[in-house]
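Have a look at the structure below, then the notes.
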Protein chains: 2
Amino acid sequence: MAEAFRPDKHEGRAYPRAMTDLRTGGGIAATAFLMGDPARAAMLAALLGGQALTAGELAAEAGITAQTASSHLVRLVEGGLVAVERQGRHRYVRLASPAVAEALEGLMALASPAVTTTATRRPRGPRDAAMRLARTCYDHMAGRLGVALADALERDGRLRLDSGAGLVTPAGEAVFPAFGIDLAGPATARRPLCRTCLDWSERRPHLAGRLGAALLARSLELGWVARAPKSRTLAITPAGERGFVDVFRCEPVWHAPDAAEARRAVERQH
Amino acid sequence: MAEAFRPDKHEGRAYPRAMTDLRTGGGIAATAFLMGDPARAAMLAALLGGQALTAGELAAEAGITAQTASSHLVRLVEGGLVAVERQGRHRYVRLASPAVAEALEGLMALASPAVTTTATRRPRGPRDAAMRLARTCYDHMAGRLGVALADALERDGRLRLDSGAGLVTPAGEAVFPAFGIDLAGPATARRPLCRTCLDWSERRPHLAGRLGAALLARSLELGWVARAPKSRTLAITPAGERGFVDVFRCEPVWHAPDAAEARRAVERQH
DNA sequence: GGAACGCTTCGGCCAAGAGCGAAGCATCCG
DNA sequence: CGGATGCTTCGCTCTTGGCCGAAGCGTTCC
């Protein structure tokens, strides 16, 4: 590891770091270094589920002891990757911003081909069946549900998607507010309204960005989906089964052959 | 650094890595680890310029000896971040794919606020003035020129941009082919046609994606811009000054007060 | 108040790996 | 063909930082 991201430790450097500001990746290295440890990466990946988790849960997720996790968390906070909120004797950790989630996605996109070409095939257990049907991906919906929604919206001309990018059409500008989503949104809006995000399990794009986040938030609010405890799996409720079809003309992916298995798995986890 | 990304080295792990496939960032860690070393990050940042560089040039860029650079390159190749082509006794290195560039951009976006809030102010030398005016950003144009082009295209309704995403409008579908760009492009097209990328120096979006790449390629072809040797700086030619205004109704940013300084700097580098 | 719990701090151990010098291969040039 | 150049391999040193056990601190519950 050597000097890590502390520039002027070895004076053997060919030229001072300050000279290289615009050109080098001083910032890249510091951030990537934080993500480059397996334990920290596991924590961050767990936080990609979108829920705030306690330090203890993260430790378990990463397979390390509480004290080790604690030191990692200090670094992640200092590095601005996660934010922490105290609540009683718990300490809730979440990703610091959507930009962090996007950076992580960028790295995953890079990693996933390698993962699949090697022998590391993913286990197709019942739990994963449920996750493949519907789950959160940071702050939006993924899995077959997420992909089906994106498909339906594009098919009906409410969005135009071009891998990675997406725009709401005039037709869409009517539908989303009717569903209870404010497209104008907060003026903070460094964040794209509509992005797509490649789905791990489906290998097809689903909706991300502000719109994707709003869609999940509103779906939870309406009780169309419910979070499974301690997991990023989403359960689709009967109300959701009607709603997604009625409002978005979404394909009923939950009726697919192996969806029953997924449903049982979610119930088993109650 | 400890076990880095070799999972089952310590048997102290709480649960086997295979269990964590969908959930953890095994892949994240491996990739981020490679980007997390300052020397490697500097090399990758240099390659973001879009040109293939030799191993020696990269060593100089990172401020390390040739042998150290060599070992880093082996890792980067193994990790699939860069690709190498032998040519005579040189070895040319380039980023392996646009996805790598995008992942790096994601990390830079995260890092840059931190960089500016700390005392690390960037030097405002003449060389950087030239870079701020126009430069390559992997395979597209950045700097004031890149931003001005994006602005002009959006202002004239040829694109609709929403930070991060972008779509070509019907009006644009006429202009780009006339300029010599095939919007349909190669059917490979996992790559988005139109993305935006946050400009380091301008803090505003410029065009990336397939369209951004095609715009740069065609501009080079027409001799509107020229690469400065051994740098990612672009020089705007007289033909370009006319062309960007005539074809895209772009603001003549090269006439701004400090542009003369930039021009001299480019000439000095001849 | 005392015990349980969640998390952090301290201290020590240890392996990974970043760095360089020197030697070894190739390739190109005169 | 001999020497220069570009890069890689080998052998080595040394720092970093990840890991845990034990102890400390603050909160909550009984």
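In what follows, chains carry the letters A, B, and so on, assigned in the order in which the sequence lines appear, proteins first and then strands, with residues in each chain numbered from 1. On a predicted model such as this, the values are computed, not experimentally measured, just so you know.
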Taking only Lys NZ, Arg NE, NH1 and NH2, and the carboxylate oxygens of Asp or Glu, determine whether Glu78(A) and Arg75(A) approach each other closer than 4.0 Å.
no
For Glu61(A) versus Ala46(A), what's the shortest heavy-atom pair and its separation?
CG-CB, 3.4 Å
Working to the nearest 0.5 angstrom, can you tell me the gap between Glu102(A) CD and Ser97(A) OG?
8.0 Å
Rounded to the Å, how far apart are Arg75(B) CZ and dT8(D) P?
15 Å
With a 4.0 Å cut-off on heavy atoms, is Ser71(B) in touch with a base, just the backbone sugar-phosphate, or nothing at all?
nothing
Could you state the CZ-P distance from Arg86(A) to dT28(D), rounded to the nearest angstrom?
9 Å
Under 4.0 angstrom between Thr65(A) side-chain N/O and dC20(D) OP1 or OP2
yes
Take atom OH of Tyr92(B) and atom C1' of dC7(D), then tell me their distance rounded to the nearest Å.
13 Å
Within this structure, what is the CZ-to-P distance between Arg91(A) and dC25(D), rounded to whole angstrom?
16 Å
If you check every side-chain atom of Ala55(A), which of dA18(C), dT8(C), dG19(C) has the closest atom?
dT8(C)
Tell me whether the side-chain N/O atoms of His72(A) come closer than 4.0 Å to OP1 or OP2 in dC19(D).
yes
Distance in angstrom units between Phe33(B) CZ and dA18(C) C1', rounded:
10 Å
d(CG, Leu53(A); P, dG6(C)) in whole Å:
15 Å
dT8(C) OP1/OP2 closer than 4.0 Å to side-chain N/O of Ser70(A):
yes
Roughly, in whole Å, what's the span from CG in Leu73(A) to P in dT9(C)?
11 Å
When the distance from CD of Gln67(A) to P of dC20(D) is rounded to whole Å, what number comes out?
7 Å
Answer with base, sugar-phosphate or nothing: what part of the nucleic acid does Ala66(B) contact at a heavy-atom distance below 4.0 Å?
base
Test: Glu57(B) and Arg91(B) ion pair at under 4.0 Å
no
By nearest-nucleotide position on DNA chain C, the 5'-leaning member of Thr68(B) and His90(A) is His90(A)
Measuring from atom CG of Leu34(B) to atom CG of Leu110(A), what distance do you get when rounded to the nearest 0.5 angstrom?
10.0 Å
